[in-house]
Amino acid sequence: MAEFDVLVIGSGPGGYVCAIRAAQLGLKVACAEKRATLGGTCLNIGCIPSKALLQSSENFHAAQHQFSDHGIGVGELTLDLARMMARKGEVVAANTKGVEFLFRKNKVTWLKGEARITGPGRVSVGGEEYAAKNIVIASGSESTPLKGVEVDEKRIVTSTGGLELSEVPKHLVVIGGGVIGLEIGSVWRRLGAEVTVIEFLDRIVPTLDAEVAKAFERVLVKQGMKFRLSSKVTAAKLTNAGVTLTVEPSKGGAAEEIMADIVLLAIGRRATSDGVGVTEAGVELDERGRVKVDAHFATNVAGIWAIGDVIAGPMLAHKAEDEGVAVAEIIAGQAGHVNYEAIPSVIYTWPEVASVGRSEEELKADGVAYVVGKFPFTANGRARAMGDTDGFVKILADKTTDRLLGAHILGPDAGGLIAELTTAIEFGASAEDVARICHAHPTLSEAVKEAALAAEGRAIHM
Ligand SMILES: Cc1cc2nc3c(=O)[nH]c(=O)nc-3n(C[C@H](O)[C@H](O)[C@H](O)COP(=O)(O)OP(=O)(O)OC[C@H]3O[C@@H](n4cnc5c(N)ncnc54)[C@H](O)[C@@H]3O)c2cc1C
(Lines give C-alpha, C1' and ligand atoms only; values in the text may rest on other atoms or scores of the structure.)
Protein backbone atom coordinates (compact mmCIF):
# COMPACT_ATOMS: atom_id res chain seq x y z
CA MET A 1 0.00 0.00 0.00
CA ALA A 2 1.42 3.43 -0.98
CA GLU A 3 2.14 5.60 2.06
CA PHE A 4 2.29 9.40 2.23
CA ASP A 5 3.36 11.92 4.87
CA VAL A 6 0.41 14.09 3.84
CA LEU A 7 -2.72 13.12 1.89
CA VAL A 8 -4.90 16.12 1.02
CA ILE A 9 -8.57 15.55 0.18
CA GLY A 10 -9.64 18.13 -2.42
CA SER A 11 -7.57 20.14 -4.91
CA GLY A 12 -9.17 23.59 -4.53
CA PRO A 13 -7.03 26.59 -3.60
CA GLY A 14 -6.81 25.27 -0.03
CA GLY A 15 -5.87 21.71 -1.00
CA TYR A 16 -3.53 22.25 -3.95
CA VAL A 17 -1.61 25.04 -2.21
CA CYS A 18 -1.29 22.90 0.93
CA ALA A 19 0.01 19.98 -1.19
CA ILE A 20 2.61 22.14 -2.95
CA ARG A 21 3.83 23.80 0.28
CA ALA A 22 4.09 20.42 2.05
CA ALA A 23 6.11 19.05 -0.91
CA GLN A 24 8.38 22.13 -0.82
CA LEU A 25 9.07 21.28 2.82
CA GLY A 26 10.32 17.82 1.82
CA LEU A 27 7.23 15.76 2.68
CA LYS A 28 5.84 12.95 0.50
CA VAL A 29 2.46 14.29 -0.62
CA ALA A 30 -0.68 13.13 -2.47
CA CYS A 31 -3.77 15.14 -3.33
CA ALA A 32 -7.07 13.38 -4.06
CA GLU A 33 -9.67 15.00 -6.33
CA LYS A 34 -13.03 13.60 -7.44
CA ARG A 35 -13.49 16.19 -10.21
CA ALA A 36 -11.84 15.42 -13.57
CA THR A 37 -9.62 18.51 -13.32
CA LEU A 38 -7.61 20.12 -10.51
CA GLY A 39 -8.27 23.52 -8.94
CA GLY A 40 -11.58 22.99 -7.10
CA THR A 41 -14.55 25.33 -7.13
CA CYS A 42 -12.32 28.35 -7.57
CA LEU A 43 -10.63 27.41 -10.84
CA ASN A 44 -13.39 25.30 -12.40
CA ILE A 45 -16.75 26.86 -11.49
CA GLY A 46 -16.01 29.85 -9.22
CA CYS A 47 -13.49 32.69 -9.11
CA ILE A 48 -11.84 32.14 -12.48
CA PRO A 49 -14.81 31.52 -14.85
CA SER A 50 -16.82 34.28 -13.14
CA LYS A 51 -13.96 36.75 -13.57
CA ALA A 52 -13.51 35.73 -17.21
CA LEU A 53 -17.20 36.50 -17.90
CA LEU A 54 -17.11 39.67 -15.80
CA GLN A 55 -14.19 40.90 -17.92
CA SER A 56 -15.86 39.98 -21.24
CA SER A 57 -19.18 41.54 -20.26
CA GLU A 58 -17.42 44.63 -18.96
CA ASN A 59 -15.69 45.04 -22.34
CA PHE A 60 -19.04 44.62 -24.13
CA HIS A 61 -20.72 47.15 -21.86
CA ALA A 62 -17.89 49.66 -22.28
CA ALA A 63 -18.00 49.34 -26.07
CA GLN A 64 -21.78 49.84 -25.98
CA HIS A 65 -22.05 52.66 -23.45
CA GLN A 66 -18.67 54.28 -22.81
CA PHE A 67 -16.53 54.24 -25.95
CA SER A 68 -18.58 56.99 -27.62
CA ASP A 69 -17.74 59.30 -24.70
CA HIS A 70 -14.08 58.85 -25.61
CA GLY A 71 -14.83 59.64 -29.24
CA ILE A 72 -14.63 56.02 -30.36
CA GLY A 73 -17.29 54.63 -32.68
CA VAL A 74 -17.53 50.88 -33.15
CA GLY A 75 -20.41 50.62 -35.59
CA GLU A 76 -23.00 47.96 -34.90
CA LEU A 77 -22.00 45.93 -31.87
CA THR A 78 -22.62 42.19 -31.90
CA LEU A 79 -22.49 39.61 -29.14
CA ASP A 80 -21.04 36.17 -29.84
CA LEU A 81 -21.99 34.50 -26.55
CA ALA A 82 -20.71 31.10 -27.69
CA ARG A 83 -17.24 32.61 -28.27
CA MET A 84 -17.39 34.42 -24.91
CA MET A 85 -18.17 31.10 -23.20
CA ALA A 86 -15.46 29.30 -25.17
CA ARG A 87 -12.91 31.92 -24.08
CA LYS A 88 -14.01 31.40 -20.46
CA GLY A 89 -13.39 27.67 -20.95
CA GLU A 90 -9.90 28.37 -22.31
CA VAL A 91 -9.09 30.56 -19.30
CA VAL A 92 -10.30 27.81 -16.92
CA ALA A 93 -8.30 25.12 -18.76
CA ALA A 94 -5.10 27.21 -18.68
CA ASN A 95 -5.48 27.53 -14.90
CA THR A 96 -6.34 23.90 -14.14
CA LYS A 97 -3.50 22.68 -16.40
CA GLY A 98 -1.26 25.11 -14.51
CA VAL A 99 -1.99 23.26 -11.26
CA GLU A 100 -1.24 19.92 -12.99
CA PHE A 101 2.14 21.34 -14.03
CA LEU A 102 2.83 22.56 -10.47
CA PHE A 103 1.98 19.10 -9.09
CA ARG A 104 4.46 17.47 -11.49
CA LYS A 105 7.11 20.10 -10.71
CA ASN A 106 6.74 19.58 -6.95
CA LYS A 107 6.29 15.77 -7.17
CA VAL A 108 2.80 15.81 -5.68
CA THR A 109 0.91 12.60 -6.57
CA TRP A 110 -2.56 13.31 -8.01
CA LEU A 111 -4.95 10.58 -6.84
CA LYS A 112 -7.99 10.58 -9.13
CA GLY A 113 -11.36 9.76 -7.59
CA GLU A 114 -13.54 10.29 -4.54
CA ALA A 115 -11.62 10.04 -1.28
CA ARG A 116 -12.98 8.67 1.98
CA ILE A 117 -11.28 8.34 5.33
CA THR A 118 -11.62 4.64 6.21
CA GLY A 119 -9.74 4.50 9.50
CA PRO A 120 -6.88 6.11 11.42
CA GLY A 121 -4.27 7.09 8.82
CA ARG A 122 -6.20 5.34 6.03
CA VAL A 123 -7.90 6.85 2.99
CA SER A 124 -9.54 5.08 0.06
CA VAL A 125 -9.53 6.89 -3.27
CA GLY A 126 -11.50 5.43 -6.14
CA GLY A 127 -11.45 2.00 -4.45
CA GLU A 128 -7.66 2.02 -3.79
CA GLU A 129 -6.40 2.15 -0.13
CA TYR A 130 -3.61 4.53 0.92
CA ALA A 131 -1.82 5.12 4.21
CA ALA A 132 -1.19 8.68 5.36
CA LYS A 133 0.54 10.04 8.47
CA ASN A 134 -1.48 13.23 8.06
CA ILE A 135 -4.84 13.73 6.34
CA VAL A 136 -5.89 17.27 5.39
CA ILE A 137 -9.60 17.71 4.63
CA ALA A 138 -9.96 20.47 2.02
CA SER A 139 -13.24 19.34 0.48
CA GLY A 140 -14.62 22.87 0.10
CA SER A 141 -18.24 23.93 -0.26
CA GLU A 142 -21.33 23.72 -2.44
CA SER A 143 -24.33 25.94 -3.17
CA THR A 144 -26.87 26.02 -0.31
CA PRO A 145 -30.29 24.67 -1.41
CA LEU A 146 -33.58 26.51 -0.72
CA LYS A 147 -36.79 24.71 0.17
CA GLY A 148 -39.35 25.07 -2.63
CA VAL A 149 -36.75 26.00 -5.26
CA GLU A 150 -35.51 22.93 -7.09
CA VAL A 151 -32.35 23.46 -9.10
CA ASP A 152 -32.18 21.86 -12.58
CA GLU A 153 -29.12 23.90 -13.72
CA LYS A 154 -31.09 24.89 -16.83
CA ARG A 155 -33.82 27.32 -15.80
CA ILE A 156 -33.26 27.29 -12.06
CA VAL A 157 -29.50 27.45 -11.72
CA THR A 158 -26.79 27.79 -9.10
CA SER A 159 -23.67 29.80 -9.90
CA THR A 160 -22.44 26.78 -11.90
CA GLY A 161 -25.36 26.91 -14.36
CA GLY A 162 -25.42 30.71 -14.16
CA LEU A 163 -21.96 30.78 -15.74
CA GLU A 164 -23.01 28.41 -18.55
CA LEU A 165 -26.19 29.93 -20.01
CA SER A 166 -26.40 29.54 -23.79
CA GLU A 167 -28.40 32.71 -24.32
CA VAL A 168 -28.91 36.01 -22.54
CA PRO A 169 -32.04 35.72 -20.36
CA LYS A 170 -34.75 38.33 -20.84
CA HIS A 171 -35.47 38.41 -17.13
CA LEU A 172 -33.01 36.91 -14.66
CA VAL A 173 -34.17 36.74 -11.06
CA VAL A 174 -31.38 36.32 -8.55
CA ILE A 175 -32.32 34.90 -5.15
CA GLY A 176 -29.81 36.35 -2.70
CA GLY A 177 -28.12 39.77 -2.74
CA GLY A 178 -24.67 38.48 -1.82
CA VAL A 179 -21.35 38.55 -3.64
CA ILE A 180 -21.96 35.65 -6.07
CA GLY A 181 -25.50 36.77 -7.00
CA LEU A 182 -24.41 40.34 -7.66
CA GLU A 183 -21.36 39.33 -9.72
CA ILE A 184 -23.25 36.88 -11.94
CA GLY A 185 -26.25 39.25 -12.04
CA SER A 186 -23.87 41.98 -13.30
CA VAL A 187 -22.57 39.73 -16.09
CA TRP A 188 -26.06 39.15 -17.52
CA ARG A 189 -27.23 42.72 -16.86
CA ARG A 190 -24.31 44.05 -18.93
CA LEU A 191 -25.16 41.63 -21.72
CA GLY A 192 -28.73 42.93 -21.82
CA ALA A 193 -30.84 40.98 -19.30
CA GLU A 194 -33.34 42.60 -17.00
CA VAL A 195 -32.09 41.58 -13.53
CA THR A 196 -34.11 41.52 -10.31
CA VAL A 197 -32.43 40.61 -7.03
CA ILE A 198 -34.60 39.27 -4.21
CA GLU A 199 -32.95 39.55 -0.79
CA PHE A 200 -34.29 38.36 2.56
CA LEU A 201 -32.57 41.11 4.58
CA ASP A 202 -33.20 44.85 4.29
CA ARG A 203 -29.74 45.39 2.73
CA ILE A 204 -27.39 43.74 0.24
CA VAL A 205 -24.10 41.94 1.11
CA PRO A 206 -24.60 41.74 4.88
CA THR A 207 -20.86 41.34 5.55
CA LEU A 208 -20.07 44.79 4.09
CA ASP A 209 -19.81 48.07 5.99
CA ALA A 210 -23.42 49.37 5.86
CA GLU A 211 -22.57 52.78 4.33
CA VAL A 212 -20.58 51.10 1.56
CA ALA A 213 -23.35 48.55 0.95
CA LYS A 214 -25.93 51.34 0.59
CA ALA A 215 -23.74 53.28 -1.87
CA PHE A 216 -23.04 50.04 -3.77
CA GLU A 217 -26.77 49.34 -4.05
CA ARG A 218 -27.34 52.85 -5.45
CA VAL A 219 -24.66 52.32 -8.12
CA LEU A 220 -26.17 48.99 -9.14
CA VAL A 221 -29.65 50.55 -9.32
CA LYS A 222 -28.17 53.26 -11.59
CA GLN A 223 -26.94 50.41 -13.81
CA GLY A 224 -30.51 49.13 -14.06
CA MET A 225 -30.44 46.31 -11.51
CA LYS A 226 -33.68 46.02 -9.54
CA PHE A 227 -33.82 45.07 -5.86
CA ARG A 228 -36.60 43.54 -3.78
CA LEU A 229 -35.21 43.74 -0.25
CA SER A 230 -36.84 42.27 2.88
CA SER A 231 -38.45 39.65 0.64
CA LYS A 232 -38.33 35.88 0.51
CA VAL A 233 -38.97 33.34 -2.20
CA THR A 234 -41.18 30.52 -0.96
CA ALA A 235 -41.76 28.55 -4.16
CA ALA A 236 -40.57 28.22 -7.75
CA LYS A 237 -42.70 26.60 -10.44
CA LEU A 238 -41.46 25.68 -13.91
CA THR A 239 -43.89 26.80 -16.66
CA ASN A 240 -43.78 26.80 -20.46
CA ALA A 241 -42.73 30.45 -20.36
CA GLY A 242 -40.04 30.01 -17.71
CA VAL A 243 -40.28 30.08 -13.93
CA THR A 244 -42.93 31.54 -11.65
CA LEU A 245 -41.63 32.54 -8.24
CA THR A 246 -43.78 33.10 -5.18
CA VAL A 247 -42.42 36.01 -3.17
CA GLU A 248 -43.50 37.23 0.27
CA PRO A 249 -42.26 39.92 2.65
CA SER A 250 -39.55 38.36 4.89
CA LYS A 251 -41.68 38.97 7.97
CA GLY A 252 -44.70 37.34 6.32
CA GLY A 253 -47.63 38.92 4.49
CA ALA A 254 -49.33 38.84 1.12
CA ALA A 255 -47.60 36.67 -1.47
CA GLU A 256 -47.14 37.72 -5.08
CA GLU A 257 -45.83 36.05 -8.20
CA ILE A 258 -42.81 37.09 -10.23
CA MET A 259 -42.03 35.62 -13.66
CA ALA A 260 -38.50 34.92 -14.80
CA ASP A 261 -36.98 33.01 -17.66
CA ILE A 262 -33.93 32.11 -15.54
CA VAL A 263 -33.63 31.98 -11.74
CA LEU A 264 -30.21 32.06 -10.10
CA LEU A 265 -30.19 30.59 -6.61
CA ALA A 266 -27.37 32.31 -4.72
CA ILE A 267 -28.27 32.33 -1.02
CA GLY A 268 -24.84 31.16 0.13
CA ARG A 269 -22.63 28.11 0.27
CA ARG A 270 -22.35 25.26 2.76
CA ALA A 271 -19.41 23.06 3.73
CA THR A 272 -18.93 19.81 1.76
CA SER A 273 -18.22 17.66 4.79
CA ASP A 274 -20.46 14.81 3.58
CA GLY A 275 -18.87 11.97 1.67
CA VAL A 276 -15.38 12.43 3.09
CA GLY A 277 -15.91 9.89 5.88
CA VAL A 278 -15.66 12.43 8.69
CA THR A 279 -18.44 10.99 10.82
CA GLU A 280 -17.05 7.45 10.62
CA ALA A 281 -13.59 8.80 11.50
CA GLY A 282 -15.10 10.53 14.56
CA VAL A 283 -14.26 14.06 13.32
CA GLU A 284 -16.49 16.63 15.01
CA LEU A 285 -18.60 19.04 12.97
CA ASP A 286 -20.14 22.33 14.14
CA GLU A 287 -23.85 23.22 14.02
CA ARG A 288 -23.48 24.28 10.35
CA GLY A 289 -21.81 21.06 9.23
CA ARG A 290 -18.32 22.59 9.09
CA VAL A 291 -15.34 20.59 10.33
CA LYS A 292 -14.33 21.86 13.78
CA VAL A 293 -10.65 22.77 14.10
CA ASP A 294 -8.47 24.42 16.75
CA ALA A 295 -6.26 27.47 16.11
CA HIS A 296 -3.75 25.17 14.35
CA PHE A 297 -6.27 23.56 11.95
CA ALA A 298 -6.22 20.28 13.92
CA THR A 299 -9.51 18.39 14.25
CA ASN A 300 -10.36 16.41 17.39
CA VAL A 301 -8.81 13.29 15.74
CA ALA A 302 -4.99 13.12 15.84
CA GLY A 303 -3.45 13.33 12.36
CA ILE A 304 -6.59 14.77 10.71
CA TRP A 305 -6.54 18.47 9.81
CA ALA A 306 -8.97 20.72 7.89
CA ILE A 307 -8.76 24.01 5.96
CA GLY A 308 -10.66 26.27 3.54
CA ASP A 309 -14.41 26.48 2.95
CA VAL A 310 -15.06 23.26 4.90
CA ILE A 311 -14.09 25.03 8.17
CA ALA A 312 -15.43 28.28 9.68
CA GLY A 313 -14.45 31.71 8.39
CA PRO A 314 -14.92 33.67 5.18
CA MET A 315 -15.40 31.46 2.10
CA LEU A 316 -12.60 32.98 0.07
CA ALA A 317 -9.95 31.36 -2.10
CA HIS A 318 -7.02 33.33 -0.62
CA LYS A 319 -8.16 32.49 2.94
CA ALA A 320 -8.14 28.80 1.94
CA GLU A 321 -4.68 29.18 0.32
CA ASP A 322 -3.16 30.85 3.38
CA GLU A 323 -4.61 28.12 5.61
CA GLY A 324 -3.15 25.53 3.21
CA VAL A 325 0.32 27.01 3.63
CA ALA A 326 -0.08 27.35 7.40
CA VAL A 327 -1.23 23.75 7.97
CA ALA A 328 1.58 22.36 5.76
CA GLU A 329 4.12 24.33 7.81
CA ILE A 330 2.56 23.18 11.10
CA ILE A 331 2.67 19.53 9.94
CA ALA A 332 6.35 20.04 9.02
CA GLY A 333 7.04 21.33 12.54
CA GLN A 334 7.09 25.02 11.68
CA ALA A 335 4.94 27.87 13.03
CA GLY A 336 2.27 28.36 10.33
CA HIS A 337 -0.19 31.16 11.05
CA VAL A 338 -3.06 33.10 9.41
CA ASN A 339 -3.94 36.65 10.50
CA TYR A 340 -7.73 36.76 10.17
CA GLU A 341 -7.74 40.52 10.87
CA ALA A 342 -6.07 41.17 7.52
CA ILE A 343 -8.00 39.11 4.96
CA PRO A 344 -9.22 41.29 2.09
CA SER A 345 -12.52 40.61 0.42
CA VAL A 346 -13.45 41.83 -3.07
CA ILE A 347 -16.63 41.99 -5.15
CA TYR A 348 -15.67 42.10 -8.83
CA THR A 349 -18.60 44.15 -10.11
CA TRP A 350 -18.07 47.54 -11.72
CA PRO A 351 -17.20 49.50 -9.76
CA GLU A 352 -15.53 46.94 -7.52
CA VAL A 353 -16.05 46.77 -3.78
CA ALA A 354 -13.16 45.80 -1.51
CA SER A 355 -12.73 45.72 2.22
CA VAL A 356 -10.32 44.60 4.89
CA GLY A 357 -10.54 44.65 8.68
CA ARG A 358 -13.49 45.99 10.63
CA SER A 359 -16.67 47.75 9.51
CA GLU A 360 -18.15 50.74 11.37
CA GLU A 361 -20.93 48.51 12.69
CA GLU A 362 -18.42 46.03 14.15
CA LEU A 363 -16.42 48.81 15.83
CA LYS A 364 -19.60 50.29 17.32
CA ALA A 365 -20.71 46.89 18.59
CA ASP A 366 -17.30 46.40 20.25
CA GLY A 367 -17.39 49.91 21.77
CA VAL A 368 -14.17 50.97 19.99
CA ALA A 369 -13.70 54.74 19.57
CA TYR A 370 -12.70 55.43 15.95
CA VAL A 371 -12.29 58.16 13.35
CA VAL A 372 -13.43 57.99 9.73
CA GLY A 373 -11.51 59.31 6.73
CA LYS A 374 -13.31 59.37 3.38
CA PHE A 375 -12.34 60.48 -0.10
CA PRO A 376 -14.55 60.31 -3.21
CA PHE A 377 -13.27 59.21 -6.63
CA THR A 378 -15.00 62.27 -8.14
CA ALA A 379 -12.09 64.26 -6.67
CA ASN A 380 -9.38 61.95 -8.06
CA GLY A 381 -7.76 63.07 -11.33
CA ARG A 382 -7.11 59.58 -12.67
CA ALA A 383 -10.68 58.43 -11.98
CA ARG A 384 -11.93 61.47 -13.91
CA ALA A 385 -9.58 60.69 -16.80
CA MET A 386 -10.88 57.13 -16.84
CA GLY A 387 -14.50 58.28 -16.61
CA ASP A 388 -15.01 56.08 -13.53
CA THR A 389 -15.83 58.38 -10.65
CA ASP A 390 -18.43 56.30 -8.77
CA GLY A 391 -17.49 55.47 -5.19
CA PHE A 392 -15.07 56.41 -2.43
CA VAL A 393 -12.33 55.19 -0.10
CA LYS A 394 -13.25 54.93 3.57
CA ILE A 395 -10.67 54.41 6.28
CA LEU A 396 -11.39 53.62 9.93
CA ALA A 397 -8.66 54.31 12.48
CA ASP A 398 -8.49 54.04 16.27
CA LYS A 399 -9.38 57.43 17.78
CA THR A 400 -6.63 57.25 20.40
CA THR A 401 -3.75 55.44 18.68
CA ASP A 402 -4.58 56.18 14.99
CA ARG A 403 -3.98 52.48 14.21
CA LEU A 404 -5.78 51.38 11.05
CA LEU A 405 -8.73 49.16 11.96
CA GLY A 406 -10.59 48.81 8.68
CA ALA A 407 -10.66 50.00 5.08
CA HIS A 408 -13.50 49.91 2.58
CA ILE A 409 -13.39 50.92 -1.05
CA LEU A 410 -16.18 51.25 -3.59
CA GLY A 411 -14.64 52.27 -6.87
CA PRO A 412 -12.53 51.46 -9.92
CA ASP A 413 -9.94 48.74 -9.22
CA ALA A 414 -10.92 48.62 -5.54
CA GLY A 415 -9.61 45.02 -5.49
CA GLY A 416 -6.13 46.17 -6.44
CA LEU A 417 -6.19 49.21 -4.17
CA ILE A 418 -7.11 47.22 -1.06
CA ALA A 419 -3.70 45.46 -1.14
CA GLU A 420 -1.93 48.55 0.20
CA LEU A 421 -4.34 48.85 3.11
CA THR A 422 -4.13 45.11 3.83
CA THR A 423 -0.35 45.48 4.03
CA ALA A 424 -0.78 48.49 6.31
CA ILE A 425 -3.11 46.57 8.66
CA GLU A 426 -0.76 43.54 8.62
CA PHE A 427 2.13 45.81 9.66
CA GLY A 428 0.06 47.55 12.36
CA ALA A 429 0.31 50.90 10.55
CA SER A 430 -1.51 54.08 11.52
CA ALA A 431 -3.64 56.21 9.18
CA GLU A 432 -0.82 58.78 9.35
CA ASP A 433 1.70 56.16 8.12
CA VAL A 434 -0.44 55.66 4.99
CA ALA A 435 -0.95 59.41 4.60
CA ARG A 436 2.82 60.04 4.66
CA ILE A 437 3.62 57.48 1.93
CA CYS A 438 4.37 59.04 -1.46
CA HIS A 439 1.76 57.83 -3.97
CA ALA A 440 2.35 58.18 -7.73
CA HIS A 441 0.34 60.82 -9.59
CA PRO A 442 -2.06 60.46 -11.29
CA THR A 443 -3.20 57.13 -9.85
CA LEU A 444 -6.33 55.84 -8.16
CA SER A 445 -4.14 55.06 -5.14
CA GLU A 446 -3.98 58.78 -4.36
CA ALA A 447 -7.57 58.43 -3.16
CA VAL A 448 -6.27 56.00 -0.51
CA LYS A 449 -3.68 58.52 0.68
CA GLU A 450 -6.31 61.28 0.71
CA ALA A 451 -8.73 59.14 2.75
CA ALA A 452 -5.92 58.55 5.26
CA LEU A 453 -5.29 62.32 5.36
CA ALA A 454 -9.04 62.87 5.78
CA ALA A 455 -8.96 60.71 8.92
CA GLU A 456 -6.93 63.58 10.42
CA GLY A 457 -9.15 66.21 8.83
CA ARG A 458 -6.46 67.32 6.37
CA ALA A 459 -7.25 65.93 2.91
CA ILE A 460 -5.67 68.21 0.29
CA HIS A 461 -7.90 67.72 -2.76
CA MET A 462 -11.27 68.01 -1.08
C1 LIG B 1 -19.22 31.58 -8.57
C2 LIG B 1 -18.17 31.72 -7.50
C3 LIG B 1 -17.29 32.78 -7.55
C4 LIG B 1 -16.30 32.92 -6.57
N5 LIG B 1 -15.46 33.98 -6.67
C6 LIG B 1 -14.50 34.13 -5.73
C7 LIG B 1 -13.57 35.20 -5.83
O8 LIG B 1 -13.60 35.99 -6.76
N9 LIG B 1 -12.62 35.29 -4.88
C10 LIG B 1 -12.54 34.42 -3.83
O11 LIG B 1 -11.65 34.56 -3.00
N12 LIG B 1 -13.41 33.40 -3.72
C13 LIG B 1 -14.38 33.23 -4.64
N14 LIG B 1 -15.24 32.17 -4.54
C15 LIG B 1 -15.10 31.26 -3.39
C16 LIG B 1 -13.96 30.27 -3.63
O17 LIG B 1 -14.19 29.57 -4.83
C18 LIG B 1 -13.83 29.32 -2.46
O19 LIG B 1 -13.68 30.06 -1.26
C20 LIG B 1 -12.63 28.41 -2.63
O21 LIG B 1 -12.71 27.67 -3.82
C22 LIG B 1 -12.50 27.46 -1.44
O23 LIG B 1 -11.40 26.64 -1.63
P24 LIG B 1 -11.31 25.19 -0.99
O25 LIG B 1 -9.97 24.66 -1.39
O26 LIG B 1 -11.64 25.25 0.45
O27 LIG B 1 -12.47 24.34 -1.66
P28 LIG B 1 -12.96 24.11 -3.17
O29 LIG B 1 -12.38 25.09 -4.12
O30 LIG B 1 -14.43 23.98 -3.09
O31 LIG B 1 -12.32 22.71 -3.55
C32 LIG B 1 -12.70 21.53 -2.92
C33 LIG B 1 -12.40 20.38 -3.86
O34 LIG B 1 -12.54 19.17 -3.13
C35 LIG B 1 -13.10 18.19 -3.98
N36 LIG B 1 -13.70 17.16 -3.13
C37 LIG B 1 -14.72 17.28 -2.25
N38 LIG B 1 -14.95 16.12 -1.62
C39 LIG B 1 -14.06 15.23 -2.13
C40 LIG B 1 -13.79 13.86 -1.88
N41 LIG B 1 -14.49 13.16 -0.99
N42 LIG B 1 -12.80 13.27 -2.60
C43 LIG B 1 -12.07 13.97 -3.51
N44 LIG B 1 -12.29 15.27 -3.78
C45 LIG B 1 -13.26 15.89 -3.09
C46 LIG B 1 -14.12 18.97 -4.79
O47 LIG B 1 -14.40 18.28 -6.01
C48 LIG B 1 -13.38 20.29 -5.03
O49 LIG B 1 -12.67 20.24 -6.25
C50 LIG B 1 -16.22 31.98 -5.52
C51 LIG B 1 -17.10 30.90 -5.46
C52 LIG B 1 -18.06 30.75 -6.45
C53 LIG B 1 -18.99 29.58 -6.39
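When a ligand or atom number is given, it counts from 1 through the structure's own listing order. For the single chain, residues carry numbers from 1 onward in sequence order.
What you find for K88 and L163 is that their closest heavy atoms are NZ-O, 2.7 Å.
Side chains of N44 and T37: a donor-acceptor N/O pair is present below 3.5 angstrom, by distance only. Residues T158 and E153 have side chains that bring a donor and an acceptor to within less than 3.5 angstrom of each other. For the residue pair E420/S445, the side-chain donor-acceptor check at 3.5 Å is not satisfied.
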Check: every ligand 1 N/O to protein N/O pair under 3.5 Å:
unit_1	atom_1	unit_2	atom_2	d
ligand 1	5 (N)	K51	NZ	3.3
ligand 1	8 (O)	K51	NZ	2.7
ligand 1	11 (O)	A317	N	2.8
ligand 1	11 (O)	H318	ND1	3.4
ligand 1	12 (N)	A317	N	3.4
ligand 1	19 (O)	D309	OD1	2.9
ligand 1	19 (O)	D309	OD2	3.2
ligand 1	19 (O)	M315	O	3.3
ligand 1	19 (O)	L316	N	3.2
ligand 1	19 (O)	A317	N	3.4
ligand 1	21 (O)	C42	N	3.4
ligand 1	25 (O)	P13	N	3.4
ligand 1	25 (O)	G14	N	2.9
ligand 1	26 (O)	D309	N	2.9
ligand 1	29 (O)	T41	N	3.0
ligand 1	30 (O)	T41	OG1	2.6
ligand 1	41 (N)	A115	O	2.9
ligand 1	42 (N)	A115	N	2.8
ligand 1	44 (N)	K34	N	3.1
ligand 1	47 (O)	E33	OE2	2.6
ligand 1	49 (O)	E33	OE1	2.8
ligand 1	49 (O)	E33	OE2	3.0
ligand 1	49 (O)	R35	NE	3.4

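Screening K214, K394, K374 for a salt bridge (Lys or Arg N to Asp or Glu O under 4.0 Å) with E360, the sole residue that qualifies is K394.
Rounding to the nearest 0.5 angstrom, the gap separating the OG atom in S231 from the CD1 atom in I175 is 11.5 Å.
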